[in-house]
Amino acid sequence: MSEVFVMDAPETVAAPRVSEWKRFLKILFQRKLVVFGVFVLLCLVLVAIFAPLIAQYDPYKNDMAHSLQSPSSQHWLGTDNLGRDVFSRLVYGARTALEVGFGTVAFAAILGVILGLLAGFLGGWTNAIIMRAMDTLMAFPMIVLALLLVAVLGAGIQNVIIALGVATVPGYTRLMCGTTLSVRENEYILAQRAIGAKSLRTMVRHVLPNAIQPVIVLVTTMLGNVILAEASLSFLGIGIKPPGAAWGSMASAGFRDLGTHPLLSFAPALAIMLVVFAFNMVGDGLRDALDPKLRGKL
Amino acid sequence: MSDQTTCGVPAGEEMLRVKDLETQFRVDEGVVRAVNGVSYSLREREIIGIVGESGCGKSVSQLSIMQLLQRPGKIVGGEVWFEGQNLLEYGPKSAEMRAIRGGKISMIFQEPMTSLNPVLTIGRQLTESLELHLGMNKKEARARATQLLDLVGIPSPASRLDDYPHQFSGGMRQRVMIAIGVACQPKMVIADEPTTALDCTTQAQLLELMLSTIDACKGSLVLVTHNLGVVARYSQRIYIMYAGKIVEQGLCRDIFYRPRHPYTVGLLKSVPRLDEVRGHRLVPIVGTPPNLIDLPPTCAFYPRCSERTERCLTEPWPDLTAADGEGHLVRCYNPAERTGE
Amino acid sequence: MVTYIIRRILMGILVLILVSLVVFFALRLLPGDPALIYVSGQSGGQGVTEERLQEVRKEFGLDKPIPVQYWNWVKGVVTGDLGTSIRYQQDVGKLFAQRFPVTLILGFFSVIVSTILGIFFGLVAAIRRGGWIDTLVTFLSYIGLTIPVFLLAFVLIYVLGFKLHWLPIVGWTPPWKDFGMSVKQSIMPVICLATIPLAVTARQMRSSVLEVNNMDYIRTAWSKGLRERVIVTRHILKNSLIPVVTMVGIGVGIIFGGAVIEETIFGIAGVGQLLATSVFARDYVVIQGGALVIATIIVVVNIIVDISYGGLDPRIRYE
Amino acid sequence: MTSLPNVAQAPAATGSDETILEVQDLKMYFPITRGLLKRRVGDIKAVDGVSFKLRKGETLGLVGESGCGKTTVGRCLCRLYKPTAGQIWFNGKEISSLPEKEFRPLRSDISIIFQDPYGSLDPRQTAGSIVGEPLRIHKLVKSKAEYNERLESLFAKVGLASNLMPRYPHEFSGGQRQRIGIARALAGDPSLIICDEPVSALDVSIQAQIINLLMDLREGQSELTYIFIAHDLSVVKHISDRIAVMYLGRILEITTPEELYANPIHPYTRALLSAVCVPDPDIEASRARIVLEGEVPSPVNPPAGCSFHTRCPDAMPACRTTVPTLKQVGNDHEVACLAVTPGGG
């Protein structure tokens, strides 16, 4: 049966094919600050992986004979009050930062995406329960909630990850719920019902992939925010316990010598800022590159 | 009311002349030549129709005249003569331009749902132009605003002045837009798809209302639309636009009964008509409208044209040349033979 | 509007109940026996015996069923009894009464400064989009968002304190005791607290103005021939403030979080410092009370913000 | 009644005498909740008692203005909404109250084409996968080879080259996307397709392509039945064998296109017809407009009696109290108006 009745010429040409990926990269790297951010993050990851090769000294070994030295060719950034090489500690601190960052974000993002998807797609009571729970967690400032949890769980890298994870879940849940709700409004979701697809299939195959994009942007910026929060907890002495090399605790330890040896606290603090800044830049770049308003426009 | 529907020859004097207007949008992928050398004129108490599909530049050309373009839109050439002045010599924020906008030329937009400010009352949005252009005080402006709402058929107008736009239906909002449009008795009104977003019978209501109110203040009208039926009913002269250029222009009857450009012919043959006999087959225009980025200088309709020749691909898009009929011009190397009647 | 307010308040109360549950169960459901924490916290790790633990459990009613414990705790909280600090051996309510005013005064000024400046800078940047002001504001807001509070404090202390000797580097005096001193001592803490909310507000305001600027009704306003100043003040400002107002609630949260660090650095005896030191000492009674009070303040602020939101947006008012 | 013009010229109404669909007193109310406890304070009476019969192979046009319930009727028929009341007999089987599980197998037999060619295709799915999804869900093919073969033939049917299958929706134009939507609707080899405003989001020059395609598909298969929902009377008249005019959740008039154009009886139908402009200046100059007063009343509180009486130029006192029912007034012509005396036939 068929073709005979189609008198209009078949449409063989679609719009000229532009690689999605190419366009994405083009928009992403349009801004110089994004290039800078990606560069910083690449360096950070490399430093964290090859920390033992880069650091010339044991970051944990005290050497009281050489404490509080100014920068020199042996100690590029000097030594701290216990005589430990600041540069080596900074290098190992990158590991801690990334570990906490990725650990927390993975935990919170996965949980948040699932909860948000369920709340948004199922609506009704599921939505009410999940979203009120999230409102509750959102009522606490992130640091205060983390303090509460650390007070109970005790310090240490795992507990910091759990505490910050719980504190950041609402962000992902709310975002995911919001995008799910708007994706659900689309006719293609209705179309799935019309052709007889079951809810679970629709939710996983059609809602999730279309709703997840903003979460990717959030994940990027949250990596920065979480590293910043971990630094704040470590700064207060309740995050990563000494002698663990965490930038926050280094900054805090250097504080008492701020007047005489400002580099002790400035160096780790600047490292934190650089990394957080880089994650924010890349996050913003991603948002522009993924922006549905720009997509499909041409 | 129905004297508006005649296609008679306009008698008034010319009040607006647009010459070689060019507007571009510079985007990442290149330059969008949205309006690419458009010229037209409007006489006193005349109604002209500007017809084209979405993205043909009909709305952008009107926004350019009012200098209301959003970035990255930019007028790159041309003249707009109105009352002896070239409006394009004034900046978009200049006092001269502001006195024209809303005072002498006003505009009615397509989207009644989003064209009114949601946090200001209807009254405030009406009185602000009255205070600005007619120098009324608050009390006078309010009294006049009540009259205007009454004129456009809004029941109990005095009490509705203090309502917010979301308390009005789409049709009611468009009535308010019409009231704002004619508030200062403008010499001309540009209506950009004024009823497209509305229902059929509401469209009819509002078109009749718009024409009678503009007629009452002795204004002219530029009717921008994609609906051939609407221009057939209301306009005296018609301009057909495609890909940023006017491809055919002429008196209403010439366009409908003696169309010469293949695009015009295609438009007329592709729409189902209420008065047709069922079973006849529509003749669609093949393909899709062109992407306006970095268009070649040749005819942009070429890929979809049924009358194309070798010449259309090698030589640039021709100028508008005279066809039979008063002011009937067509931009084509191979215009259709006289059809119909 | 009345229904809207009532619904908002009821929702707030529900969240408060849930907040109290979180605070209460944080200690009981998570690993770690509160009695053990209590005893070891009190005695510094020594003297932890089963008898002592039993004694403590009885003393604090920890031997009763969980719902009863919760009920007793809530009864206490409502009557102002937040328990006794393990570290200070003092009524937690009294501890807070001394310290909350300090945090609230500094926080209040920070909210005012960050909101006003944030709205102003965001508006100016958006209106002069692409100009040098916009570039500067955008860049500074990035810095503000990413700078650790302690780095900002270090820079301020190092430059204004150690090098220029303009401002004292530690402590805080209430304004009613020594106004001049109080102002001097407040400058650096307020800057530290206000920076992040300022950056957040400015960014939100900028994007909100840009969005409103693209709306059809702004084009309508231009088509009436209004001047730019009128369009900005009458048509753009109110509409773009609507999403920014919600940021005030978030800003209050950020400020309480920042206070923990800022008060520790500047040696200010506020709630933030109290919480930080209490975590160190595992003084969970204080943390519990502090978290509860701060969350309550934030919930209340958010209710007020949402209600004023209704005042700004007639669409909500008539819902 | 007036003599029927043009009947000779018009093709005889296609389709057999076999009824494929019968709708009886269909009602769809959407609850409105308000207040603290989300109390149900009223209903949006989107569809309020609609009945019609559809023969196999016939095309019924549902026309009316926004909010008249035409889309809701369509969505009830393919059970995207569960009707509040009434019966839907599809091939002799009552389907309005079937549980979803039992209705699911029927979903390949009743399909729908949506209005928005941009919103109705999943942007993350390739064209091929979109069209093939009903085949996979209902397991209509036995092998990969058969699947590919079916896809190729579906693409060919709607006039798309098969090398476009791996492309994503954003790479297609509006008209092409609508072809993909049509191919998806055809995948399960349906006998009833609900076309919900399939051309209203398209440019005028593209509309004709899609209308022609829908008509061609019907030519090829005498069993294929359409319900064509649109607000554009010219389009509906072009494609339909019968047209039902809806207003506020009810059908006011139902007849053939020729009869509707030549002999509209209901005052609303007349107003609707007069509101449509014909692209012909001479004809337009001779047509008078009936401009209706006021606006469509809210479907939450529809007027008692005839729902159109508030705007009707010919309203009588009885119209305020008595609900008119559809009455036969001529050959295949039913009107719900108190001013009309039944007859003809």
Side-chain angles (χ1 to χ4, degrees), chain B residues 59 62-63 65-72 92-122 124-133 162-167 173 176-177 180-181 183-184 186 189-190 192 197, chain C residues 1 4 119 123 125-131 133-135 205-246 306-319:
Chain B
S59 294
Q62 301 313 306
L63 291 171
I65 289 165
M66 297 285 274
Q67 298 196 38
L68 287 174
L69 290 168
Q70 292 267 1
R71 66 168 61 203
K93 293 176 184 173
S94 63
E96 289 86 354
M97 223 30 239
R98 279 192 275 114
I100 300 268
R101 274 189 218 125
K104 294 192 168 147
I105 308 179
S106 70
M107 209 159 166
I108 296 169
F109 297 100
Q110 176 176 6
E111 288 295 335
M113 301 312 275
T114 53
S115 291
L116 288 167
N117 191 330
V119 302
L120 294 181
T121 60
I122 294 296
R124 189 74 196 99
Q125 298 189 56
L126 258 169
T127 54
E128 63 181 359
S129 4
L130 297 169
E131 289 168 20
L132 182 73
H133 294 291
D162 297 319
D163 283 348
Y164 288 90
H166 70 270
Q167 292 162 285
R173 287 190 213 190
V176 173
M177 288 303 292
I180 292 175
C184 304
V189 175
I190 299 171
D192 184 2
Chain C
M1 182 67 183
Y4 171 73
I119 287 172
L123 181 66
I127 289 172
R128 296 279 166 258
R129 182 185 181 185
I133 296 184
D134 185 24
T135 315
M205 184 67 186
R206 179 177 178 275
S207 66
S208 169
V209 171
L210 288 181
E211 202 184 316
V212 170
N213 212 359
N214 270 328
M215 292 290 173
D216 289 346
Y217 55 82
I218 298 301
R219 192 179 57 188
T220 309
W222 280 107
S223 81
K224 290 176 185 169
L226 300 169
R227 1 174 122 250
E228 187 177 21
R229 209 189 54 229
V230 176
I231 290 176
V232 170
T233 52
R234 191 183 295 159
H235 289 269
I236 294 180
L237 195 58
K238 205 175 167 194
N239 280 294
S240 29
L241 278 179
I242 291 170
V244 173
V245 166
T246 50
D306 281 0
I307 290 172
S308 56
Y309 195 94
L312 268 179
D313 190 343
R315 284 162 293 189
I316 290 184
R317 205 149 67 216
Y318 290 94
E319 199 191 357

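Worth knowing before you read on, the calculation uses all heavy atoms, side chains too, and leaves out hydrogens, waters and symmetry mates. Model, not experiment: these values are computed from the prediction.
- For the pairing with C:Trp222, the side-chain contact (heavy atoms from CB on, under 4.5 Å) check across B:Gln70, B:Lys93, B:Met66 returns one residue only, B:Lys93.
- For the residue pair C:Lys224 and B:His133, the shortest heavy atom distance occurs at O-NE2, 2.6 Å.
- With a threshold of 4.5 angstrom between heavy atoms, B:Ile180 approaches chain C through side-chain atoms but not through N, CA, C or O.
- With a threshold of 4.5 angstrom between heavy atoms, B:Met177 approaches chain C through side-chain atoms but not through N, CA, C or O.
- Here the side chains of B:Met107 and C:Arg219 are not in contact, with every heavy-atom distance at 4.5 Å or above.
- The side-chain heavy atoms of C:Tyr217 and B:Pro165, taken from C-beta on, include no pair separated by under 4.5 Å.
- Both the backbone and the side chain of C:Asn214 have a heavy atom closer than 4.5 Å to some heavy atom of chain B.
- Of all the listed residues (B:Gln125, B:Gln110, B:Arg71), the one sharing the greatest number of non-hydrogen pairs under 4.5 Å with chain C is B:Arg71.
- Once rounded to the nearest 0.5 Å, the distance linking CD of C:Glu228 with CZ of B:Arg98 reads 9.5 Å.
- With a 4.5 Å cut-off on non-hydrogen atoms, B:Gln67 does not touch chain C at all.
- In terms of heavy atoms, C:Leu312 sits closest to B:Val119 at O-CG1, 3.9 Å.
- A donor-acceptor pair is defined here as one N or O able to donate and one able to accept, closer than 3.5 Å; no such pair exists between the side chain of B:Thr114 and the backbone of C:Asp216.
- Contact between B:Pro118 and C:Asn239 at its shortest, heavy atoms only, is CG-OD1, 3.5 Å.
- Contact annotation for C:Leu226: both backbone and side-chain heavy atoms come within less than 4.5 Å of a heavy atom of chain B.
- Put simply, CG on B:Leu68 and OG1 on C:Thr220 are 9.0 Å apart, with the number rounded to the nearest 0.5 Å.
- Only the side chain of B:Leu63 comes within contact range of chain C, with heavy atoms under 4.5 Å apart.
- Taking all atoms of both residues into account, the shortest heavy-atom contact from B:Leu132 to C:Gly225 is CD2-O, 3.2 Å.
- Contact count versus chain C (heavy atoms, under 4.5 Å) is highest, among B:Met97, B:Arg124, B:Glu111, for B:Arg124.
- Heavy-atom distances place the side chain of B:Leu120, and not its backbone, under 4.5 Å from chain C.
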